[in-house]
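Reviewing the structure listed below.
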There are 2 protein chains.
Amino acid sequence: MTEVLPPRRKRDGTLKTSLIDAGVDLLRKRGADGLSLRECAAMAGVSHAAPGYHFKNIMGLSTAIAARGYKLFSEAMTTRLDNAGPSDADRLAAICHGYMDYASSHPELFLFIFSGQKFNEADDEFRLYSAKAYSILRETCAPLVPENTPCEEIEVLVWSLVHGYAQLSMTRKKDNPQLNRTWPAFDSLLKHLNRALFAASAN
Amino acid sequence: MTEVLPPRRKRDGTLKTSLIDAGVDLLRKRGADGLSLRECAAMAGVSHAAPGYHFKNIMGLSTAIAARGYKLFSEAMTTRLDNAGPSDADRLAAICHGYMDYASSHPELFLFIFSGQKFNEADDEFRLYSAKAYSILRETCAPLVPENTPCEEIEVLVWSLVHGYAQLSMTRKKDNPQLNRTWPAFDSLLKHLNRALFAASAN
DNA sequence: GGAACTAACTTGACAGTGTCAAGATAATCA
DNA sequence: TGATTATCTTGACACTGTCAAGTTAGTTCC
């Protein structure tokens, strides 16, 4: 007589987080184009339209995932900074290594936030965490900026190198299999970066 | 009596190209997640399933678009190289500028090929053109490699810097609006790269 | 020129998708 | 306990990629 109903999710306020978790899972399994609102809903054990309540549309979910991506990104750099030596070079190396930590432990998020997907740039969390990441870079680079040089020049130099390296590391299997044998470690690039930076200050 | 039939596309062997054109258009208008087989078909004036004949599935179309992306990429570098001075530094600057030319004149393709989308890496054209791009880099960097240094170290240094700069230039509006005023030109980064490289050879 | 053959499509169907409106239910508070 | 509100469900719609089957155009052969 008493039917066995499908188990219902408790309304404990954790659905939003569960949906983001599910989205990250999907990105990891299927790549940057593998996100699906309905599948996230199913993974979180709710009906197909439930995500629409928390995220207005799929861009809303994407933006929330990207915000988490930036958050973890900042945390990876902060963790390294907290354990770094006091010198400017140590701290520069720390954020670079944090960058690489993030890219290798969360490749799906790293690729996603730089995928060219459209996000809702008005979203508060998204703006907060993406700005945070850049401010860590800015503060770490500040002592390295030579006189009469705009700080952006050094920031973008460092950012470009580490970002480019991380992205190419991740896509090199596709582009150029022959490189896999001999792919250089980031430290070998850092050596060149240090030469450029610390020679500059003696200019 | 004689009905007016909808205009039929001539079977002139150009559909495949038209579909790729349409796909590039869509990417430009809608971003990296805006591709649609059916819409490409409509834009090319054929039925919804016609693309399936030329490209087995949507990954087939994506791969063809990416192959064109790499082709244009190589051509942009070659064009600059053809007009470059004879010195190693001139040629290095030339491929960097070619890289930037490509990123700014085809942002949709640039972002697409590095978007983390899955492509069919067994595809002949895709492999041909992506390998070509890397071989241009390799040849241009070869004279800059110091003794006792693996060539990949210099290649990846250059590649990372220019790629990172191009990608960040493209997404900076999203991440960091405050930077727009003072975004440095690539030449200012190139100055630092040159210092690192040409100091290295005197090591 | 006509028949046979093949490449290049069209048509139709199906399961999946995002999004919206409307209804149902759970939690909270008076 | 009853009313209210936040949270979710149900159902519908137009759209998507993919496949099987049918059709048409172009070519080849006699």
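The sequence lines fix the lettering, A, B, ..., with proteins before strands; numbering per chain opens at 1. Computed from a predicted structure; not experimentally measured.
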Out of [options], whichever nucleotide has its closest atom nearest the side chain of [X]:
{"X": "B:Leu37", "options": "C:dA27, D:dG17, C:dG12", "value": "D:dG17"}
{"X": "B:Ser47", "options": "C:dA7, D:dT9, C:dT11", "value": "C:dT11"}
{"X": "B:Ala50", "options": "C:dT10, C:dT25, D:dT18", "value": "C:dT10"}
{"X": "B:Val46", "options": "D:dT24, D:dT18, C:dT10", "value": "C:dT10"}
{"X": "B:Ile58", "options": "C:dA27, D:dT9, D:dT18", "value": "D:dT18"}

Rounded to whole angstrom units, what separation is found between the [atom1] atom of [X] and the [atom2] atom of [N]?
{"X": "A:Asn57", "N": "D:dC15", "atom1": "CG", "atom2": "C1'", "answer": "16 Å"}
{"X": "A:Leu61", "N": "C:dG18", "atom1": "CG", "atom2": "P", "answer": "9 Å"}
{"X": "B:Leu19", "N": "D:dG17", "atom1": "CG", "atom2": "C1'", "answer": "14 Å"}
{"X": "B:Phe55", "N": "C:dC9", "atom1": "CZ", "atom2": "C1'", "answer": "14 Å"}
{"X": "B:Arg11", "N": "D:dT24", "atom1": "CZ", "atom2": "P", "answer": "10 Å"}
{"X": "A:Asp12", "N": "C:dA27", "atom1": "CG", "atom2": "P", "answer": "9 Å"}
{"X": "A:Met59", "N": "C:dC20", "atom1": "CE", "atom2": "C1'", "answer": "18 Å"}
{"X": "B:Glu39", "N": "C:dT17", "atom1": "CD", "atom2": "P", "answer": "20 Å"}

Kindly say if [X] contacts the phosphate of [N], meaning a side-chain N or O under 4.0 Å from OP1 or OP2.
{"X": "A:Tyr53", "N": "D:dT7", "result": "yes"}
{"X": "B:Ser36", "N": "D:dG17", "result": "yes"}
{"X": "B:His54", "N": "C:dC9", "result": "yes"}

Hey, what do you get for NE2 (B:His192) to CZ (A:Arg195), rounding to the nearest 0.5 Å? 14.5 Å
Quick one: on DNA chain D, does B:His48 or A:Leu15 contact a more 5' nucleotide (nearest heavy atom)?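 Final value for this comparison: A:Leu15.
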The residue, A:Gly13 or A:Arg38, whose nearest nucleotide of DNA chain D is more 5′ is A:Gly13
Under a 4.0 Å threshold between the charged nitrogen and the carboxylate oxygen, would [Y] count as salt-bridged to [X]?
{"X": "A:Lys29", "Y": "A:Glu39", "result": "no"}
{"X": "A:Arg28", "Y": "A:Asp25", "result": "yes"}
{"X": "B:Arg127", "Y": "B:Asp124", "result": "no"}

Heavy atoms only: give me the nearest B:Val24-B:Ile65 pair and the separation to one decimal.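 Smallest interatomic distance, heavy atoms only, reads CG2-CG2, 4.2 Å.
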